J.: 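I have a structure I would like to understand better, so I am pasting it below and will then ask my questions one at a time.
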Amino acid sequence: MVERFERFSLAIAESSRCWHKLASEEMRPYGLKGAHALYLTTLQRYPQGITIPELCELCLKDKSDASRMLAILEEKGLVDKQGGYGGKVLLTEAGQAAARQVSARVSRAVEVAGKDLTEEERVVFYKALASITENLRTLTDQGIPE
């Protein structure tokens, strides 16, 4: 059982480390950090804008993180905040262009990373990953059973 724990933990950690490194490299031309990629690609799906709480929920981030990231994106001219407190955040034209570029690169990275998987294996992988994530969420909320 310990071997499974170690294999799982190391695989998740290594995948995360590599993904963050790739995201950082893609965001460097914009003077941004890798964490900004998620915000850009998420906002791209909502051309009419979304509220900060909605963005937090979609990105699984807390409000302080989202506020910091959005302030930087706004400073760089990539997002606009409309409507004051409780208003919506949306991409500017420059933000849309950046999001399109990042999305294209992300799609390519995902394609290359999974190149050895058949479509059936990909479906099973994502189903298993969703199940493990949901079970870990439950364990986080309820604790590990005795």
Side-chain angles (χ1 to χ4, degrees), residues 5 7-145:
F5 167 76
R7 287 179 60 203
F8 177 79
S9 296
L10 292 173
I12 293 293
E14 178 70 5
S15 295
S16 180
R17 186 183 72 79
C18 291
W19 191 254
H20 287 287
K21 183 177 180 185
L22 289 169
S24 292
E25 289 172 10
E26 290 304 316
M27 298 311 295
R28 191 170 294 123
Y30 302 101
L32 298 169
K33 298 192 181 299
H36 290 101
L38 179 60
Y39 290 96
L40 283 176
T41 57
T42 301
L43 286 167
Q44 182 184 31
R45 292 186 293 146
Y46 298 89
Q48 303 306 313
I50 58 174
T51 65
I52 292 176
E54 291 169 328
L55 185 61
C56 291
E57 188 174 319
L58 292 165
C59 294
L60 301 177
K61 302 292 183 181
D62 62 38
K63 189 173 184 282
S64 62
D65 182 73
S67 293
R68 279 190 307 274
M69 294 293 173
L70 290 171
I72 294 167
L73 291 172
E74 188 173 27
E75 180 182 296
K76 300 277 186 183
L78 301 174
V79 301
D80 275 332
K81 295 179 192 169
Q82 297 182 342
Y85 184 79
K88 293 190 174 192
V89 179
L90 61 150
L91 293 173
T92 62
E93 285 188 34
Q96 291 171 21
R100 281 192 300 274
Q101 172 68 19
V102 169
S103 291
R105 298 289 293 162
V106 165
S107 292
R108 181 68 180 130
V110 169
E111 179 185 318
V112 172
K115 69 181 181 198
D116 299 327
L117 299 177
T118 66
E119 189 55 34
E120 181 179 302
E121 289 170 327
R122 191 177 334 280
V123 168
V124 169
F125 170 76
Y126 283 113
K127 182 178 180 186
L129 187 58
S131 177
I132 290 168
T133 302
E134 183 58 35
N135 291 335
L136 287 172
R137 189 178 297 118
T138 299
L139 288 170
T140 300
D141 292 340
Q142 298 174 6
I144 300 173

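Predicted model, so just to flag it, every value in this text is computed and none were measured. If you read the sequence from its start, that first residue is 1, and numbering goes on from there.
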J.: Could you check R137 against E134 for side chain to side chain contact (heavy atoms under 4.5 Å, CB included), going step by step and ending with a plain yes or no?
T.: CA-CA 5 Å; R137 189 178 297 118; E134 183 58 35; 2.5 Å; yes
J.: Applying side chain to side chain contact (heavy atoms under 4.5 Å, CB included), run through L43 and I50 and close with a yes or a no.
T.: CA-CA 7 Å; L43 286 167; I50 58 174; 3.9 Å; yes
J.: Kindly check if the number of other-residue, nucleotide or ligand heavy atoms within 6.0 Å of CZ (R7) is above 12?
T.: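 Count not over threshold, so no.
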J.: Scan residues 121-132 for pairs that pass salt bridge (Lys or Arg N to Asp or Glu O under 4.0 Å), counting only residues two or more places apart or in two chains.
T.: E119-R122
J.: Locate the shortest heavy-atom distance separating T51 from G86; write the atom from each residue and the value.
T.: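 That would be CG2-O, 3.8 Å.
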J.: CE/M27 to NE2/H36 distance, rounded to the nearest 0.5 angstrom?
T.: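 With rounding to 0.5 Å, CE (M27) is 7.0 Å from NE2 (H36).
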J.: Counting neighbours of CD on E93 that are heavy atoms of other residues, nucleotides or ligands and sit closer than 6.0 Å, is the number greater than 12?
T.: no
J.: Hey, mind stepping through V106 and W19 against side chain to side chain contact (heavy atoms under 4.5 Å, CB included) and telling me if it holds?
T.: CA-CA 10 Å; V106 165; W19 191 254; 4.0 Å; yes
J.: Assess the residue pair Y39 and V79 against the criterion (side chain to side chain contact (heavy atoms under 4.5 Å, CB included)); give the C-alpha distance rounded to whole Å, side-chain angles, the decisive distance to 0.1 Å, and a yes or no.
T.: CA-CA 10 Å; Y39 290 96; V79 301; over 6 Å; no
J.: Can you tell me how far apart OH (Y46) and CG (L58) are? Round to the nearest 0.5 Å.
T.: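 One gets 4.5 Å once the value is rounded to the nearest 0.5 Å.
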J.: Donor-acceptor pair, H20 side chain versus R17 backbone, under 3.5 Å?
T.: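 Judged by distance alone, no pair lies under 3.5 Å.
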J.: Taking distance alone, no hydrogens or angles, what donor-acceptor pairs closer than 3.5 Å link side-chain atoms of residues 66-78 to residues at least two apart or in another chain?
T.:
residue : atom : partner : partner atom : Å
S67     : OG   : K63     : O            : 2.9
R68     : NH1  : S64     : O            : 3.4
K76     : NZ   : G31     : O            : 3.4

J.: How long is the span from the CG atom in L38 to the CG atom in D65, to the nearest 0.5 Å?
T.: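 Reported value, rounded in 0.5 Å steps: 9.5 Å.
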J.: With a 3.5 Å distance limit and no angle check, can you tell me whether T133 reaches the backbone of L129 through a side-chain donor-acceptor pair?
T.: yes
J.: When you look at CD of E120, are more than 12 heavy atoms from neighbouring residues, nucleotides or ligands closer to it than 6.0 Å?
T.: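 Not buried by this count: 12 neighbours or fewer within 6.0 Å.
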J.: Which atom pairs, donor and acceptor, lie under 3.5 Å between side-chain atoms of residues 94-103 and protein residues at least two apart or in another chain?
T.:
residue : atom : partner : partner atom : Å
S103    : OG   : Q44     : OE1          : 2.5
S103    : OG   : A99     : O            : 2.9

